[in-house]
Structures are given as C-alpha cells and as structure tokens.
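Below is one structure; the comments refer to it alone.
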Amino acid sequence: MNYISTRGNYERVSAAEAIRLGMVPAGGLFVPEKIPAFSQQEINEMKDATYQVIAYRVLEKYLTDYTGQELQEAISAAYNRDKFTHDVIAPVIKLNDNTYILELWHGPTAAFKDMALQLMPHLLVKAINKVEIDREIVILVATSGDTGKAALEGFKDVEGIKIIVFYPKDGVSKVQETQMVTTGGKNTAVVAVKGNFDDCQSGVKEIFGDKEYNQLLNRHGYQFSSANSINWGRLVPQIIYYFAAYVYLLRDGEIGAGDKINITVPTGNFGNILAAYYAYRMGLPVNKFICASNDNKVLTDFLKTGIYDINRDFRRTISPSMDILISSNLERFLFEMTGHDAKKINQWYRQLKEEGKFSIDEETNAKIKEILVGEYATEEETMETIKETFTKYNYTVDTHTAVGIKAYHKYLTKVVDHTPTVIDSTANPYKFGKAVLEALQGKVKEKDEFKILEELKELTGKEVHRGLKGLEEKGVRHKRSCSSTGIRDEIKDILGIK
Ligand SMILES: *Cc1c(COP(=O)(O)O)cnc(C)c1O
C-alpha cells in the first residue's frame with residue numbers, strides 16, 4: 001500500500017515514510033492510493049473480536065510495510081489496561097433506543113487524542129528504523145490544550161525520540177497547563193510561550209520550513225517531525241474504533257448484521273470524522289455522517305452552500321478544541337470526493353490562501369451532501385444539552401460531546417431518520433469541568449479549577465478521571481518559558497546546541 005499527495009506534488013511513498021515525514025514537504029497531505037476494504041462477512045466475523053484484534057485487522061490493511069510482529073507489539077504497548085481503564089478500550093453507552101455514545105476518553109489524558117497518540121509513537125519509532133535514519137527525532141508540538149498532553153504521554157520515555165511542546169501561557173486552562181507541566185519522562189520538555197496559540201503555531205511552522213535551522217539540527221544528530229493530525233500515523237488508529245463500535249453494537253444485539261448506522265462527530269480539524277469516512281469506504285455500513293460544529297461553524301456553512309469561507313471572526317467557546325477555522329483534514333476528504341483530482345485541490349487551496357475562501361463545483365457538492373450533513377450548536381444550546389442529558393439519562397457529557405448531541409437533535413428536526421446513531425464522546429466531562437458544572441447548576445463562584453472538579457464530583461457522583469485527579473499536588477517539572485520570537489533559541493537550549 002502506497003501513499004500519494006493530495007496535491008500531486010510528491011512521489012509515492014510507503015506508510016513508514018508518510019508517517020516519518022508527517023506532511024508532504026512541498027505542501028499537501030498523504031493519503032492511501034487505494035482504500036482497502038472488508039467484505040460484509042469479514043465485518044460480521046469480527047463480532048467476537050477484542051479491540052486489539054480489530055486494531056490488527058485494520059492496521060495490517062494500511063501499514064503493509066510493517067511486519068505482523070511490529071503491529072502486534074505496537075498494539076499491545078498502546079491498548080492495554082495500564083493505558084486504558086476500560087476492558088473494551090472504547091465502550092459504547094446506550095442513551096436511548098436509537099442513540100449511543102462512543103466513549104473515547106478512557107486513555108491517560110481524558111481526551112480522545114489518546115486513542116491515536118498512544119499508538120502513533122510506536123509506529124513512528126518503527127518507521128524510523130525502517131528508513132534507517134540515525135538521527136534522533138524531535139517532535140515539535142504547538143497546542144491549544146488537549147494535543148500537548150496526549151502527545152507528551154504518548155512519547156514519554158520512547159527511545160530515540162524527544163518531544164517539545166509549546167503552549168500559549170494564557171491560552172490554556174489551569175487543568176490543561178497543570179497536566180502538561182507535571183509530565184514526567186526523560187525526553188519531554190514543555191515551554192510556555194508569551195503569546196496566543198497562533199504565535200506558538202506559526203513559530204513552530206516557521207521552524208519546519210527553515211532550511212538552515214534544520215541543517216544545524218541535522219549536524220547535531222537531530223531531525224524534526226510532527227505529531228498532529230496532518231500525520232497519517234495519527235489518522236489510521238482512529239479508523240479502528242469505528243469498526244469496534246459497530247462490532248460492539250452487533251454483539252449486544254442492538255443492530256443486525258449489515259444494518260446501517262449514523263455517526264456524529266464533534267469536529268475541529270476534521271481528523272476524527274475523516275477516519276469515520278475511511279471506515280465507511282472500507283465497508284462499514286453507514287447511512288449519514290453528522291459533522292457537528294460550535295459557533296466557529298465554517299464547516300456547517302460549507303456543507304450547506306459549497307463555499308468554504310474563513311473571512312469571519314474567530315470565536316473563543318466552551319468547546320475550545322473545536323475552535324478552528326481551517327480544518328486541515330478536509331483537504332483529504334475533498335481529494336476523495338473529487339476522485340483524486342489534485343488539480344482542483346491545488347486550485348481551491350490556493351484560493352483559500354489568497355482570498356480566505358473557495359467554492360466547490362456542483363457535482364462534488366452533490367456527492368458530499370449524499371453522505372455528510374453539517375449542524376452546529378450555539379454556546380447556550382451546548383449548556384442546555386449538558387443539563388438535559390444529565391436530567392434525562394443521568395449521564396454527564398463534556399462540552400464537545402454536547403455539541404455533537406445537539407447537532408444530532410437538530411438533524412432529527414429536519415428529517416425522519418430512525419437509523420441507530422453513534423455519537424463520539426471526545427472528552428471526559430471533568431476535562432472541561434467548569435463549563436459542565438455551570439451547565440448543571442448555574443454560575444460557579446469558585447475560582448480554583450481543582451475545587452470545581454470536587455464540586456462536580458459531589459453533584460454527579462462520578463469519579464474524577466485519573467488523568468486529572470490529584471494534579472494540583474504533583475510537582476511542577478517544567479518551568480520554561482519564552483517569547484514567541486525565542487522559540488528557536490529555546491529548542492537549541494533544550495537540545496544542548498550552542
Ligand atoms: C481535538 C478534539 C476535537 C476535534 O477533533 P478533530 O479530529 O480535530 O476534528 C473534538 N473534541 C475534543 C475534546 C478534542 O480534543
């Protein structure tokens with residue numbers, strides 16, 4: 001199985017090479033040349049398989065240059081009871097007759113990023129060995145919150161790799177910051193940047209493109225790579241849980257063999273929903289995908305009008321992991337929807353860069369609408385949904401999951417659809433505890449975020465997620481900070497380069 005660029009500007013590469021490179025160097029994203037598939041019978045036969053076995057079945061189709069043993073090792077190292085506190089890794093909870101919640105936050109950091117970032121480091125290490133690079137890999141991460149901690153946990157103490165995370169000093173919550181700066185491991189570094197997320201992100205991106213700086217690092221035995229969802233190594237593990245969810249529903253008798261389901265995904269960078277789409281292309285019976293957005297509803301508008309337009313105000317919301325205007329992975333989806341038309345992709349993304357918008361053709365638009373619908377939830381609707389879900393089902397959801405539930409409900413007001421629907425729960429409610437507590441009981445006076453978690457625990461009776469428990473008592477291990485123009489020097493200092 002080979003991987004090609006969405007912009008037609010790179011040679012075919014193996015999976016290991018795509019994972020090592022992260023992104024196509026000249027711009028563009030790696031996608032599988034041909035999407036592999038399961039027969040309906042093969043899917044039915046997975047009915048009694050464990051998460052780990054399903055993982056193997058999916059990965060072996062995409063990572064054909066990895067040996068069976070390499071895949072097994074990576075899977076056992078990632079999806080075990082030390083890392084995930086649930087036997088089935090990603091359990092499906094029944095909310096009512098037609099609605100199921102897929103809990104993706106049983107990993108170490110309480111957000112769904114763990115589903116991929118627990119596995120990806122193992123894939124990357126094996127990729128490096130395959131292409132015989134003798135330099136140490138330095139993963140650079142710019143984070144607005146969830147990715148930083150999940151990447152730190154995933155790459156902590158992984159041989160041959162260093163990880164450096166940059167976060168905006170005043171742009172993350174106290175809980176998120178504490179999660180990051182208390183991380184152990186000999187190969188981790190965390191730096192607070194005086195500036196906002198964009199300063200971190202552009203600082204890091206500039207470094208990826210800085211030839212001279214990269215050469216300096218190479219001379220010292222280092223090479224940069226990336227751990228965000230533009231990397232195929234982060235997407236492929238996410239396909240697994242869509243098959244697992246389907247198989248679990250089959251096993252529990254909630255659906256019959258071959259029955260279609262809907263999948264609702266609270267969406268930011270379009271990575272999670274794209275993984276669901278790949279599962280569908282591989283044979284998973286899906287009726288509709290519901291792409292859920294918050295007030296930054298670029299995608300909702302795009303799915304209605306065919307015009308992708310980021311000329312609008314960026315809104316800070318209570319579902320911050322979805323506060324994004326440019327959903328990187330949409331490019332991969334459009335590449336599929338146009339039948340691999342790299343010319344169109346180049347044209348649209350040039351327009352996006354120059355004018356902040358592009359408009360797709362009628363034919364592609366019609367094709368997208370057959371399978372994908374977009375809905376969004378306002379801040380108020382998100383809060384109401386948290387409250388309603390708790391009152392009706394005694395089930396607590398975080399703000400992102402609530403956006404998904406609301407979007408599904410809005411979809412149901414427009415069409416009659418009795419298809420069983422799986423809604424992704426992308427974070428544990430304690431990760432966004434303040435907003436959740438306010439949704440449940442009104443304005444919260446308490447300022448200390450850790451005390452708020454205790455209040456939420458009293459109210460819901462649910463244990464605080466282990467990744468967030470006792471955080472305030474853990475020692476701070478990372479105290480570095482720099483200005484947005486000081487990122488290059490900070491990296492040199494961390495790596496001991498003069
Ligand atoms: C990252 C994240 C999302 C968005 O996922 P994408 O793959 O970027 O669409 C949604 N919810 C939470 C809690 C997240 O951390």
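As the structure lists them, so they are numbered: ligands from 1, and atoms in each ligand from 1.
- With salt bridges taken as basic N to acidic carboxylate O contacts below 4.0 Å, one links E381 and K410.
- The pair R20-E17 meets the salt-bridge criterion, with a side-chain N (NZ, NE, NH1 or NH2) lying under 4.0 Å from an Asp/Glu carboxylate O.
- By the 4.0 Å N-to-carboxylate-O rule, E455 lies too far from K451 to be salt-bridged with it.
- Counting only heavy atoms of the protein, atom 8 (O) of ligand 1 lies nearest to N269 N, 2.7 Å.
- Within the 4.0 Å heavy-atom criterion, the part of K113 lying near ligand 1 is the side chain and not the backbone.
- Only the side chain of D146 comes within 4.0 Å of ligand 1, judged by heavy-atom distances.
- Remark: K83 does not engage E153 in a salt bridge, criterion side-chain N to carboxylate O under 4.0 Å.
- Nearest-heavy-atom check against atom 10 (C) of ligand 1 across P266, G271, G404 picks out P266.
- For atom 11 (N) of ligand 1, the closest non-hydrogen atom on the protein side is T426 OG1, 2.9 Å.
- In terms of protein heavy-atom proximity, atom 7 (O) of ligand 1 is closest to N272 N, 2.9 Å.
- Salt-bridge formation is not detected for the pair D323/R315: no Lys NZ or Arg NE/NH1/NH2 atom is positioned less than 4.0 Å from an Asp or Glu carboxylate oxygen.
- Residue A427 has at least one heavy-atom neighbour below 4.0 Å for each of these atoms of ligand 1: 13 (C).
- At a 4.0 Å heavy-atom cut-off, ligand 1 touches F112 through the side chain alone.
- The salt bridge (Lys or Arg N to Asp or Glu O under 4.0 Å) test with E375 is passed by exactly one of K414, K297, K288: K414.
- A salt bridge links E331 to R7: at least one charged side-chain nitrogen sits closer than 4.0 Å to a carboxylate oxygen.
- With hydrogens left out, the protein atom closest to atom 4 (C) of ligand 1 is G268 N, 3.5 Å, a heavy atom.
- Against a heavy-atom cut-off of under 4.0 Å, T267 is close to the following atoms of ligand 1: 9 (O).
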